[in-house]
Amino acid sequence: MATLERDVVIIGAGPTGLTAAHELRKAGKTVAVLEARDRVGGRTWTDVIGGATIEIGGQWISPDQTGLYSLLEEFGIETYPRHKEGTSVFVGPDGKRIEYTGEDFPIAPEKVAEMDKLIAVMDELAAQIDPDRPWEHARAEELDMISFHHWLRTLTDDEDAATNIGLFIAGGMLTKPAHTFSALQALLMAASAGSFSNLVNEDFILDRRIVGTMQGVSKTVAAHLGEDVVFLNNPVLKLDWSEEGVTAYGATVTVSAKKAIVAVPPNLYSRISYNPPLPRKKHITHQHQSMGLVIKVHAVYDTPFWRAKGLSGTGFAPTQIVSEVYDNTFYEDTRGTLVGFISDVHADAMFELSEEERKARILADLANFLGDEALTPEVFYLSDFGSEEWTRGAYATSYDLGGLFRFGPDQSVPTGAIHWASSDLAGEGYQHVDGAVRMGRRTAALIIAALDGTAHDPAYDGSVPVPDTAHA
Ligand code: FDA
């Protein structure tokens, strides 16, 4: 058992923890990062499966994600565009398959108009919401009392329009049924991405990928931190704390430090035994944040066969098990890869099936979108973060009804020497790697200011490397 003394101990080597470590080191602070897994990157994770590079976790970056973009720039990491050329496919509730171009689903014009009306309402409200403080909106309490499902139905009588719009945030983002979270939570999701229009525009939100994979970003930062900074296979199950400092106990490394950053998703905070116990409000707050559930489907073919048919590989089917599909061919790969998503209750249903039944059911949906060639992939793999002990769901956590207004203001307030940070607590970039980078930078800036006895700029948004003025 090694015992270390550092300025800051960071629990979790995901993008949040590693970005914080990097910023702290740049400011001359000593750091140790204790990571439970045998790898860095957390919910970003790449593996080579059947000879194909598969991004099992987070992978896409959108144009507004300047927190992550500035980190990529710092390390000279390149991006490449997702393949988007060609027509898209829509499979309606009647199972009818329609090829289309443009942003609108090929449904009746009056339904498109109704969806546009809902999008306009969402955009207007999202523009009024500060993603760092959604609970401060004048209607926050009211909007947090009603489920997103029911709120949409107060705005329209068109069931299809409400279902389609609901899916963009429910199945598509929070990966929970729309009746389990509030309208305010949905508006936070929209505000965190700039607008609801951005979220429903797959060409924006799924714009580009990282040449060396998204996990590669964490690997690069960890390598830059050097030896004796990141300690893998060191789950922290016990944390002593006071106002003055902390001691974190990993499996083989114990670290005493002036500050700790718990950079793990909130649903895992209670894996750690705190001594003394956390204050009442902290005990309660994080019990109201829970992970969604989504299966990310990967199917690799010897060629991107859909491109030869003029198809982009993009498909939507609001009532299918696999509700979205995209061309996910990896950088410079000559083969073709599709990625699909199966959310919330559909994911539950898939895990009830045998492995063969599950595969057949999922491939049938891919074939509905793109043709029977989809039935015979060379590689078939399902990302299952729900069974990962150190994540327990995907993509991220969100509050239950009423939780965001009631507990949100306390979610990031430090407890003695402990700071809490992860993409789940981010405003801008919420649930995304961009939010993780921003939270890492913001938390590091806060700690640097506290350790140096300097003023901290509370408006610092983490979008660029910590400027000297942030704690001048
Ligand atoms: P993260 O969960 O990544 O890291 C936390 C780390 O803490 C983990 O390494 C974990 O092992 C460790 N840990 C937990 N408990 C511990 C303990 N007690 N002791 C020590 N270590 C502990 N985002 C995006 O921008 N674009 C995308 O396309 C996607 N897509 C996507 C798909 C899937 C399937 C998933 C699961 C997620 C995404 N995301 C995404 C979300 C993105 O991956 C996520 O927001 C960030 O990885 C969050 O980074 P954090 O560092 O905050 O947490």
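Start at 1 and go down the list; that is how both ligands and their atoms are numbered.
Which of Gly12, Gly58, Ala263 comes nearest to atom 31 (C) of ligand 1 through a heavy atom is settled by distance: it is Gly58. Nearest to atom 21 (N) of ligand 1 by heavy atom, out of Gly42, Ala36, Pro15, Gly386, is Ala36. Evaluated by nearest non-hydrogen atom to atom 3 (O) of ligand 1, the leading choice among Arg43, Arg37, Glu388 is Arg43.
Close approach to Ala394 involves these atoms of ligand 1, each under 4.0 Å from a residue heavy atom: 36 (C). Counting the atoms of ligand 1 from 1 in the order shown, those under 4.0 Å from a heavy atom of Ser422 are 52 (O). Atoms of ligand 1 lying under 4.0 Å from at least one heavy atom of Ile56, given by number and element, are 34 (C). Ligand 1 places these atoms under 4.0 Å from at least one heavy atom of Leu268: 14 (C), 15 (N). Of all atoms in ligand 1, listed by their number and element, those nearer than 4.0 Å to a heavy atom of Gly41 are 3 (O). For ligand 1, the atoms sitting less than 4.0 Å from at least one non-hydrogen atom of Ile11 are 17 (C), 19 (N), 20 (C), numbered in the order shown with element in parentheses.
The residue Arg271 has no part lying near ligand 1, judged by heavy-atom distances below 4.0 Å. Contacts between Trp60 and ligand 1 below 4.0 angstrom, taking non-hydrogen atoms only, involve backbone and side chain alike. At a heavy-atom cutoff of 4.0 Å, ligand 1 is contacted by no atom of Met439, backbone or side chain. Proximity of Leu34 to ligand 1, defined as any heavy-atom pair under 4.0 Å, is confined to the backbone N, CA, C and O atoms. Heavy atoms of Val40 found under 4.0 angstrom from ligand 1: none, in either backbone or side chain.
Ring pair Tyr269/Trp420 is tilted by interplanar angle, where 30° to 60° counts as tilted.
Looking only at atom types and distance, the side chain of Tyr326 has a donor-acceptor partner in the side chain of Glu324 under 3.5 Å away. Side-chain contact of Ser290 with Lys176: a donor-acceptor pair under 3.5 Å is present, judged by distance alone.
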message: ring pair (Phe, Tyr, Trp, His ring centres under 6.0 Å) for His298 and Phe380? Distances and angles first, verdict last.
response: CA-CA 6 Å; His298 311 263; Phe380 179 78; 9.2 Å; no
- request: With side chain to side chain donor-acceptor pair (under 3.5 Å) as the test, would you mind laying out the steps for Thr247 and Asp240 before giving the verdict?
  value: CA-CA 5 Å; Thr247 301; Asp240 295 343; 4.9 Å; no
side-chain contact (heavy atoms from CB on, under 4.5 Å) between Ile342 and Ile362, worked out: CA-CA 9 Å; Ile342 305 173; Ile362 291 169; 3.6 Å; yes
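Of the charged side-chain nitrogens involved, none lies within less than 4.0 Å of a carboxylate oxygen, so that Asp327 and Lys84 do not count as a salt-bridged pair.
Considering backbone and side-chain atoms together, Val236 places an N or O closer than 3.5 Å to an N or O of ligand 1.
Looking at Glu35 and Asn234, their side chains never come closer than 4.5 Å, going by heavy atoms from C-beta outward.
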